[in-house]
Protein chains: 2
Amino acid sequence: MTESHEESRVRVDLTAVVVAVRAGDPVVLTVSRSADAPVALPSGPLESAHRTLQAGLRNWVEIETGFRLGYVEQLYTFGDPAPSKFEHSGPDADRALSIAYLALVSPPGPALPHQGDWRSWYAFFPWEDMRAGEPAAREPLLDRLTKWAARSGVAGDREVADRIRLAFAGNGAPWDEERTLERYEMLYEAGLVPEAFIDRGDASPAGSTVPGLAMHADHRRMLATAISRLRAKIKYRPVLFELMPPAFTLSELQRTAEALSGIVLHKQNFRRLIAQQDLVEETGEVATDTGGRPAKLMRFRREATLERPAPGVRLSATRRAGFP
Amino acid sequence: MTESHEESRVRVDLTAVVVAVRAGDPVVLTVSRSADAPVALPSGPLESAHRTLQAGLRNWVEIETGFRLGYVEQLYTFGDPAPSKFEHSGPDADRALSIAYLALVSPPGPALPHQGDWRSWYAFFPWEDMRAGEPAAREPLLDRLTKWAARSGVAGDREVADRIRLAFAGNGAPWDEERTLERYEMLYEAGLVPEAFIDRGDASPAGSTVPGLAMHADHRRMLATAISRLRAKIKYRPVLFELMPPAFTLSELQRTAEALSGIVLHKQNFRRLIAQQDLVEETGEVATDTGGRPAKLMRFRREATLERPAPGVRLSATRRAGFP
DNA sequence: CCCTTTATGCTCAGCTAGAGCATAAGAGGT
DNA sequence: ACCTCTTATGCTCTAGCTGAGCATAAAGGG
């Protein structure tokens, strides 16, 4: 076959979505390359000195933020060149792949990181936080998306409308917190996020986009990918504990689960699930700063991983009135 | 920071795990580059002419096998250089990334593909097929792994032994069909597959490896990744139907699920699940070549995807005697 | 001692999953 | 036509899990 006639060597970027939960808020580590540019995720090019991809990633995060990562997993490789960004300089003259990783760390102390900021991920996706009930952001989104679908008059627009309804819980459909990526991609496609205009080379028409901070390049898409993955994963793997300090109360554990999933959980049932699965054990001490009855402190039983097949933290939401 | 001083441009390979189910066997599309080399998965380098990664992948598969892909999803990006393979030519002088994709196609007609062979994936992973009960391959594997763990005397060998027991269903642990990748990686680490020796540059000591065909480079690892992903995914997304012809019987659907998961399912419960979820509808016709009572032909209701959140095909295994 | 707040225990009904019995409807042999 | 074998299809039963909510315990602050 016609091997290696147009074969290209490409630059590879390693990008990290570093997640922690701090005071009940899911936060992501960001850096600012320049004063008024949108924030970015820590990242850097793969270098020949990097033994493995993960090693390269850890290295860059440490350089850019001074932070040492623990749990790391690969998320996705993004490689489609921004369509017209470099149009003038030949067909994707500067194609680059980005390999995105998800990293989880326990609550960062105030000292670290040396550089970079922790920001609530809901600053970038306000509509993803359903913990206080309907976020103000959601309803308008559904509206604008629906209008877009109607206006664009795509073939199969009935199906597009259905997808929107399903993704954004319109018209009585249940909210599926795992569809974060799908929702972001719909907004992108509909041209409702600034990134869509930037990628097309247009200026962003004022007021046309929806609330939520933009990020550098396709970093917000990566964050959305990370959220989707994490929200799914806590249900079947005990990754939640990577985000906890060594000792914690069940309420803190629940608040962490709620922070990530963006929904409110039924307290008693949550405890029952945790207890049933032997995922934690009492340390013997209690936390007295609860504001009410003191809570027993727990620690993660790492051995649990070796006993049952796939322990995770299934989430049973609390339904709230007026939200069928 | 020290940007781009050692930054390297790398070659990127696109590799496809193309899966179909034919006559109750899960098959994967393979190519043979040379006569006596291990078979490989269709793949080729990313070229600058490729608009997107997926487009490049489709292109290569078509060139190498004449096959046009339908459903495609990204699996994983493998990038760690084989440790000592190129040691003589400097630190990873020829580093290459491979982006692996999973593709699903309906049963291939006899005409296609022009080149390449469909092979049962259990030829590469004999221990993964539990449909006929305990595969002969499994027990010896457990033995040799356990011995390896004891011999290697790793720190925490107790935990290693537990992991092995859990992954390979030793000592009464339940078989988890989704852990295909984990199992392969254990075998690799224990040096029980030829690939481990090849990567180290050693000759493979005769008779030291376990049954199961090897593949080119790290392609068997990619196949294992695909199997794991697919076995997990059929449970929560209706991907099973990507592998079915337009009309099929429920038994055929079940046989496909069994082929992929490698376990036997409870017939009546399987039908109940499918029926409950409205995933299929009758075409009105019947298949008479069943060998018994004719079966109603069904078709996939694509709309089902738009009605419920995440329809999939949960699998309820049939337990067999003597296998607690 | 009362009130507020959070932690923890426990109950109950509906639903789901795992198993297995029973019947239906073809084909092929006698 | 009848019997037998084979696969398809219907239905039942039970244990366990899930979603909800009531009730009690244990602190701190008036």
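Atom set for the values below is all heavy atoms of this structure, side chains included, hydrogens, waters and symmetry mates excluded. Reminder, nothing fancy here: chain letters follow the sequence lines and each chain counts from 1.
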Exercise. CD of Q276(A) versus P of dA15(D): gap in Å, rounded?
Worked result: 17 Å
For this session: Ignoring backbone atoms, test whether R271(B) places a side-chain nitrogen or oxygen under 4.0 Å from the OP1 or OP2 oxygen of dT9(D).
Result: yes
For this session: Can you figure out which of dA19(C), dA25(D), dG10(D) approaches the side chain of K296(B) most closely?
Result: dG10(D)
Exercise. Roughly how many Å is it from CD1 in I274(A) to C1' in dC17(D), rounded to a whole number?
Worked result: 15 Å
Exercise. Rounded to whole angstrom units, what separation is found between the CG atom of L297(A) and the C1' atom of dT8(C)?
Worked result: 15 Å
Exercise. Does K235(B) come within less than 4.0 Å of E177(B), counting only side-chain N to carboxylate O?
Worked result: yes
For this session: Would you kindly compare L250(B) and G291(A) by the position of their nearest DNA chain D nucleotide and give the one closer to the 5′ end?
Result: L250(B)
Problem set entry | Comparing P294(A) and R272(A) on DNA chain C - which has the more 5′ nearest nucleotide | P294(A)
Exercise. Using a cut-off of less than 4.0 Å, is there contact between a side-chain N or O of K267(A) and OP1 or OP2 of dT6(C)?
Worked result: no
Exercise. Rounded to whole angstroms, how far apart are CG on L273(A) and C1' on dG9(C)?
Worked result: 15 Å
Problem set entry | 5' priority, DNA chain C, between S251(A) and G292(B) [closest heavy atom] | S251(A)
Problem set entry | Ring-face cation contact, W175(A) with R183(A), 6.0 Å cut, 45° max | yes
Exercise. What is the distance from CD of Q254(B) to P of dA8(D), rounded to the nearest Å?
Worked result: 9 Å
Exercise. Do D162(B) and R165(B) sit within salt-bridge range, that is, some charged N less than 4.0 Å from a carboxylate O?
Worked result: yes
For this session: Please report, rounded to the nearest Å, how far the C1' atom of dT14(D) is from the NE2 atom of H266(B).
Result: 14 Å
Problem set entry | Smallest separation among heavy atoms of Y76(A) and T225(A), with atom names | CB-CG2, 4.4 Å
Exercise. Which nucleotide in the list dT7(D), dA7(C), dG20(C) gets nearest to the side chain of A295(A)?
Worked result: dA7(C)
Seminar exercise, completed: Rounded to whole Å, CE of M298(A) lies from P of dT8(C) at a distance of 7 Å
Seminar exercise, completed: Rounded to whole Å, the CZ-P distance (R293(B) to dA25(C)) equals 5 Å
Seminar exercise, completed: By salt bridge (charged side-chain N to carboxylate O under 4.0 Å, His left out), R229(A) pairs with (sequence neighbours left out) E73(A)
